[in-house]
Each structure stands twice: as structure tokens, then as C-alpha cells.
**Student:** 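Pasting a structure here, questions to come.
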Amino acid sequence: MMNEKLKEFEWVRKEISDLIKAFPEASREKIIFDKWSLKDIVAHLSNWMVHDIECIEALKQGNEPYWETSFDEFNERGVGERKGWDWEKIIEEYERLNINLIDEYKSLSDNLWDVPVWKGFGLTMIKFVQKDIEHNKQHLEELARISDTVSRRI
């Protein structure tokens with residue numbers, strides 16, 4: 001079952017990457033996702049990958065990962081920290097973290113998949129990767145819709 005989840009996660013990440021690469025260069029920094037540009041979305045995804053990698057590493061070391069209390073603040077902070085970065089730096093980080101996160105998931109020993117990530121919550125690593133898949137599918141759908149709209153305007 002875990003291999004199926006990881007394959008699904010890898011698939012959704014590849015689909016997102018393909019849409020990002022196909023996005024017209026001239027539209028990468030235009031606000032087209034509510035209040036964010038494509039560059040901001042990529043920064044947002046990278047910020048969450050950093051978080052997820054840190055959670056997995058903490059779990060592997062037997063530590064409880066940091067719990068983010070406000071997703072909205074976390075999202076704003078992560079995108080804000082990357083605002084001044086150029087596209088090349090944004091995409092390089094995204095691609096590197098993409099590989100690192102998948103490697104982190106693959107490196108988890110079998111006994112850690114059913115361990116609660118945070119005490120008092122029922123979120124195990126199996127559910128954690130499922131949440132990652134769901135989060136990424138939301139962005140995949142959004143990117144596909146916007147990408148199609150942007151392509152028709154060009």
C-alpha cells in the first residue's frame with residue numbers, strides 16, 4: 001500500500017512540475033491565483049516541502065516535529081521569504097526539494113509509517129503522505145485550469 005501512495009505522490013508532483021515548466025514565461029509573475037502568481041505558488045509548494053522534510057527527519061530521529069499553528073501565516077511567511085528571488089532560484093529550490101522529499105518518504109523504515117507524527121493527533125505518516133497528495137492535487141487542478149486559460153490568451 002505504501003508503494004502505491006508513493007507512486008501516486010510522485011505522479012502528482014511530476015504533473016505539477018510539467019505544468020510549471022509549460023507555463024508561459026511572460027505570465028509567471030502575474031497575479032492569477034487569487035493573490036499569488038505562479039512564482040508564488042512554486043514558493044508555497046517549496047515552503048511546504050521544507051516543512052515536510054523537517055517533519056520526516058525529526059520523526060526518523062525519534063523527535064516530535066514542530067507543529068505549525070497557523071497555516072495562513074506559514075503560507076504568507078514562506079512565500080514572503082522568497083519574494084525577492086528570481087525565477088531560476090525559485091525553480092531550482094522547488095526541483096531540489098521535490099527530489100529530497102520523495103527520497104525522504106522512500107527512506108522511512110516500515111515501522112515509522114504507523115507512528116503518530118504529533119502526540120495527541122492521529123496523523124501517521126501514511127495519513128501524512130495522503131494529505132500531501134490531496135494538497136498537491138488541489139494545486140494540480142488549479143494549475144491545469146489556470147494554465148489552460150493563460151494558454152488561450154496567448
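Because only heavy atoms are used, hydrogens play no part in the values below, and waters and symmetry mates are left out as well, while side chains stay in. Source: prediction; values computed, not measured.
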**Student:** Ile126 and Phe121: same hydrophobic cluster, using ILVMFWY side-chain contacts below 4.5 Å?
**Tutor:** yes

**Student:** Side chains of residues 52-63: which donor-acceptor partners sit under 3.5 Å, not counting sequence neighbours?
**Tutor:**
from  : atom 1 : to     : atom 2 : distance (Å)
Lys60 : NZ     : Glu104 : OE1    : 2.8
Lys60 : NZ     : Ser107 : OG     : 2.7

**Student:** Please enumerate all residues that pass side chain to side chain contact (heavy atoms under 4.5 Å, CB included) together with Thr69, with sequence neighbours excluded.
**Tutor:** Trp67

**Student:** With sequence neighbours excluded, tell me which residues meet side chain to side chain contact (heavy atoms under 4.5 Å, CB included) with Val129.
**Tutor:** Met2, Lys5, Leu6, Phe9, Tyr105, Trp113

**Student:** List the residues meeting side chain to side chain donor-acceptor pair (under 3.5 Å) with Ser109, not counting sequence neighbours, and say none if there are none.
**Tutor:** Asn111

**Student:** Working note: Ile32 + Phe23, criterion side-chain contact (heavy atoms from CB on, under 4.5 Å); need CA distance, chi angles, decisive distance, verdict.
**Tutor:** CA-CA 12 Å; Ile32 49 179; Phe23 210 86; 3.2 Å; yes

**Student:** If you measure from the Lys or Arg side-chain nitrogens to the Asp or Glu carboxylate oxygens, is any gap between Glu68 and Arg77 under 4.0 Å?
**Tutor:** yes

**Student:** State which residues pass side chain to side chain donor-acceptor pair (under 3.5 Å) with Lys14; sequence neighbours excluded, sorted by chain then number.
**Tutor:** Asp18

**Student:** If we only count heavy atoms from C-beta on, is the Asp132 to Leu101 side-chain gap below 4.5 Å?
**Tutor:** yes

**Student:** Could you list the residues that satisfy side chain to side chain contact (heavy atoms under 4.5 Å, CB included) with Gln138, not counting sequence neighbours?
**Tutor:** His135

**Student:** Take Leu97 and Val50 through the side-chain contact (heavy atoms from CB on, under 4.5 Å) test and state the conclusion after the steps.
**Tutor:** CA-CA 7 Å; Leu97 289 169; Val50 168; 3.6 Å; yes

**Student:** List the residues meeting side chain to side chain donor-acceptor pair (under 3.5 Å) with Lys35, not counting sequence neighbours, and say none if there are none.
**Tutor:** Glu76

**Student:** CD1/Ile16 to CG/Asn136 distance, rounded to the nearest 0.5 angstrom?
**Tutor:** 4.0 Å

**Student:** Can you find a pair of side-chain heavy atoms, one from Pro65 and one from Val117, that are under 4.5 Å apart?
**Tutor:** yes

**Student:** What I want to find out is whether Lys83 reaches Asp40 closely enough, with some N-O distance under 4.0 Å, to be called a salt bridge.
**Tutor:** yes

**Student:** After noting the C-alpha distance and the side-chain angles of Ser37 and Lys30, does the key distance pass the side-chain contact (heavy atoms from CB on, under 4.5 Å) rule?
**Tutor:** CA-CA 5 Å; Ser37 65; Lys30 291 181 182 173; 5.7 Å; no

**Student:** Can you measure from CD (Glu4) to CH2 (Trp11) and round to the nearest 0.5 angstrom?
**Tutor:** 15.0 Å

**Student:** I'd like to check the side chain to side chain donor-acceptor pair (under 3.5 Å) partners of Glu81; sequence neighbours left out, ordered by chain and number.
**Tutor:** none

**Student:** Verify, without hydrogens or angle tests, whether Arg82 (side chain) and Gly78 (backbone) share a donor-acceptor contact under 3.5 angstrom.
**Tutor:** yes

**Student:** Are Arg96 and Glu92 close enough, and set up right, to give a salt bridge (Lys or Arg N to Asp or Glu O under 4.0 Å), and what steps lead you there?
**Tutor:** CA-CA 6 Å; Arg96 178 178 41 80; Glu92 182 279 324; 3.3 Å; yes

**Student:** How about Glu25: does its CD atom have over 12 heavy atoms from other parts shown lying under 6.0 Å from it?
**Tutor:** no

**Student:** So, using salt bridge (charged side-chain N to carboxylate O under 4.0 Å, His left out) as the criterion, who are the partners of Glu10 when residues are at least two apart?
**Tutor:** Lys106

**Student:** Do Leu38 and Glu29 have side chains that approach each other closer than 4.5 Å (heavy atoms only, starting at C-beta)?
**Tutor:** no

**Student:** Taking ring pair (Phe, Tyr, Trp, His ring centres under 6.0 Å) as the cut-off, I'd like each qualifying pair that reaches into residues 72-100, sequence neighbours left out, listed once.
**Tutor:** Trp48-Phe74, His51-Phe74

**Student:** Nearest 0.5 Å, what's the CD-CG distance between Glu142 and Leu19?
**Tutor:** 11.5 Å

**Student:** Whether the side chain of Lys127 engages the backbone of Gly122 through a donor-acceptor N/O pair (distance < 3.5 Å, no angle test) should be reported.
**Tutor:** yes

**Student:** Of all residues at least two apart in sequence or in a different chain, which pass the side chain to side chain contact (heavy atoms under 4.5 Å, CB included) check with Ile99?
**Tutor:** Asp103

**Student:** Given side-chain contact (heavy atoms from CB on, under 4.5 Å), test His44 with Asn47 step by step and report yes or no.
**Tutor:** CA-CA 5 Å; His44 162 77; Asn47 193 49; 5.7 Å; no

**Student:** Hey, quick one: are Ile146 and Ile31 part of the same hydrophobic cluster, counting side-chain heavy atoms closer than 4.5 Å, chains of contacts allowed?
**Tutor:** no

**Student:** Output the distance between atom CG (Leu140) and atom CZ (Arg13), rounded to the nearest 0.5 Å.
**Tutor:** 10.5 Å

**Student:** Leu123 versus Pro116: any side-chain heavy-atom pair under 4.5 Å?
**Tutor:** no

**Student:** Short question: side chain of Ser70, backbone of Glu73 - any donor-acceptor pair under 3.5 Å?
**Tutor:** yes

**Student:** So how far is it from Ile133 CD1 to Phe128 CZ, rounded to the nearest 0.5 Å?
**Tutor:** 12.0 Å

**Student:** How many angstroms lie between atom CD of Glu8 and atom CG of Asn3, to the nearest 0.5 angstrom?
**Tutor:** 13.0 Å

**Student:** Considering only residues two or more places apart or on different chains, which pairs with a residue in residues 108-119 satisfy salt bridge (charged side-chain N to carboxylate O under 4.0 Å, His left out)?
**Tutor:** Glu64-Lys119

